[in-house]
**Student:** 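Pasting in a structure now, in structure tokens, and then I'll have a few things to ask.
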Amino acid sequence: MLLEQEGLVEMRPRRRPRVAAFTPARVREIYEVRQHLLTLVGRLVTYRATDAELDDLRARLAVMREHANRGDIDGYFWRHVALQERMAEIAGNETLKSILDSLALRTLVLRHASLAQEGRLASSLEDQTQIFLAIESRDADMAAMLLSRATRAALAAIERGGWTASSATRITPSARSAPSEGDPIFA
């Protein structure tokens, strides 16, 4: 079963499937792996992005800024997800993208919980802006360091917020703000 393979569902003999629980240790492990994978994405994007792809990233960041300025956490969140997905595509490494996609399924609720905390939306936007500027200036070391730092900050926010698996239903990202295929961010 795919959901079980992705770590999203636990299957026990003679019992119904249930949503897999996150422990603090498991969350830290996932974020440790994400941190290193995203630094690689940052390096590869810095090396490989064309001018047109940089323009695309810049436009996506502008849309994220609009959502952040309105205090629209869900809108910002889904555009941030799309931005990282686009960066993984630009990185041009299918294996890396596949692993990140798998982790994304496990971390959506966690990432949203982090952004929903006081001050995190503005902090995240500043992080994403600095990451883009490093990529645009072709500074792979800076882009990698900033992505690493942003991922650690997200984990720290989750840990400070006392997130638990039982709170997941209270903080699930709203699908109403998820971008659709007609949304200009997919252009």
Side-chain angles (χ1 to χ4, degrees), residues 2-10 17-42 57 60-61 63-88 96-132 144-180 183 185:
L2 179 62
L3 294 176
E4 184 179 20
Q5 290 173 347
E6 293 296 333
L8 299 171
V9 172
E10 294 174 347
R18 67 181 193 149
V19 174
F22 284 108
T23 64
R26 181 79 169 141
V27 170
R28 277 190 227 71
E29 287 175 1
I30 290 169
Y31 268 76
E32 184 176 78
V33 171
R34 271 182 53 81
Q35 175 186 348
H36 291 284
L37 294 175
L38 288 173
T39 62
L40 179 55
V41 167
L57 295 178
R60 289 169 185 264
L61 188 58
V63 172
M64 289 169 58
R65 182 172 288 105
E66 291 171 10
H67 285 280
N69 290 341
R70 288 194 306 263
D72 179 3
I73 294 170
D74 286 341
Y76 177 90
F77 170 78
W78 287 112
R79 271 88 190 156
H80 185 246
V81 169
L83 177 73
Q84 286 192 333
E85 172 76 11
R86 182 65 179 125
M87 287 174 61
L96 175 60
K97 186 178 178 316
S98 175
I99 295 167
L100 281 169
D101 287 348
S102 174
L103 286 176
L105 291 173
R106 301 173 203 197
T107 61
L108 282 176
V109 171
L110 299 171
R111 292 168 63 190
H112 192 274
S114 168
L115 282 174
Q117 291 185 23
E118 184 70 33
R120 278 290 298 147
L121 191 60
S123 175
S124 175
L125 178 60
E126 179 61 23
D127 288 344
Q128 297 311 308
T129 300
Q130 293 304 313
I131 290 163
F132 173 75
M145 185 277 297
L146 291 168
L147 277 158
S148 177
R149 186 178 73 184
T151 306
R152 285 192 317 267
L155 174 59
I158 290 166
E159 291 177 334
R160 274 193 315 274
W163 187 87
T164 63
S166 63
S167 66
T169 57
R170 291 183 285 133
I171 59 172
T172 301
S174 170
R176 69 178 159 68
S177 294
S180 63
D183 194 312
I185 68 168

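Here the structure is a predicted model, which means the values were calculated and not measured. Heavy atoms only: backbone and side chains are in, while hydrogens, waters and symmetry mates are out.
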**Student:** If I take atom CG from residue Leu100 and atom CE from residue Met87, how far apart are they, to the nearest 0.5 angstrom?
**Tutor:**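 The CG atom of Leu100 sits 10.0 Å away from the CE atom of Met87.
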**Student:** Could you pull out the closest heavy-atom pair between Ile73 and Ala116, with the gap in Å?
**Tutor:**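 Answer, listing the atom of Ile73 first, then Ala116: CD1-CA, 3.9 Å.
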**Student:** Find the distance between CE (Met64) and CG (Leu61) and round it off to the nearest 0.5 Å.
**Tutor:**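 That separation rounds to 5.5 Å.
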**Student:** Roughly how far, to the nearest 0.5 Å, is CD1 of Ile158 from CG of Leu110?
**Tutor:**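 Answer for the CG-CD1 pair, Leu110 versus Ile158, is 4.5 Å.
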**Student:** If the condition is side-chain contact (heavy atoms from CB on, under 4.5 Å), which residues does Arg28 pass it with, not counting sequence neighbours?
**Tutor:** Pro24, Ala25, Leu155, Glu159
**Student:** Return the set of residues passing side chain to side chain donor-acceptor pair (under 3.5 Å) with Glu85 (not counting sequence neighbours), or none when no residue passes.
**Tutor:**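 Once residues adjacent in sequence are excluded, the partners of Glu85 under the side chain to side chain donor-acceptor pair (under 3.5 Å) criterion are Lys97.
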**Student:** How far does CG of Leu37 sit from OG1 of Thr151, to the nearest 0.5 angstrom?
**Tutor:**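 Nearest 0.5 Å value for the CG-OG1 distance: 9.5 Å.
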**Student:** Looking only at heavy atoms, which two atoms of Gly42 and Leu147 are closest? And how far apart?
**Tutor:**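 Gly42 and Leu147 have their closest heavy atoms at CA-CD1, 3.4 Å.
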**Student:** Side chains of Arg79 and Gln128: is there a donor and an acceptor less than 3.5 Å apart?
**Tutor:** no
**Student:** Rounded to the nearest 0.5 Å, what separates atom CZ in Arg34 from atom CD in Gln84?
**Tutor:**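 If I round to the nearest 0.5 Å, the distance is 5.0 Å.
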**Student:** If you take all heavy atoms of Leu108 and Phe77, which pair is closest and at what distance?
**Tutor:** O-CZ, 3.5 Å
**Student:** By side chain to side chain donor-acceptor pair (under 3.5 Å), which residues pair with Tyr76, not counting sequence neighbours?
**Tutor:** Ser124
**Student:** Under the side-chain contact (heavy atoms from CB on, under 4.5 Å) rule, collect the residues that match up with Leu40, sequence neighbours excluded.
**Tutor:**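 Leu40: side-chain contact (heavy atoms from CB on, under 4.5 Å) contacts with Leu44, Leu96.
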**Student:** For Val41 versus Ala88, what's the shortest heavy-atom pair and its separation?
**Tutor:** CG1-N, 4.1 Å
**Student:** Identify the heavy atoms of Leu125 and Ala68 that sit nearest to each other, and give their distance.
**Tutor:** CD2-CB, 3.8 Å
**Student:** With sequence neighbours left out, write down each residue that passes side-chain contact (heavy atoms from CB on, under 4.5 Å) with Ser148, or none if nothing qualifies.
**Tutor:** Gln35, Thr39, Arg152
**Student:** For Asp74 and His67, does a side-chain donor sit closer than 3.5 Å to a side-chain acceptor?
**Tutor:** no
**Student:** If you round to the nearest 0.5 Å, how far is OG1 of Thr107 from NE2 of His112?
**Tutor:** 13.0 Å
**Student:** Restricting to side-chain contact (heavy atoms from CB on, under 4.5 Å), what partner residues turn up for Ala157, sequence neighbours left out?
**Tutor:** Ser114, Gln117, Arg120, Arg160
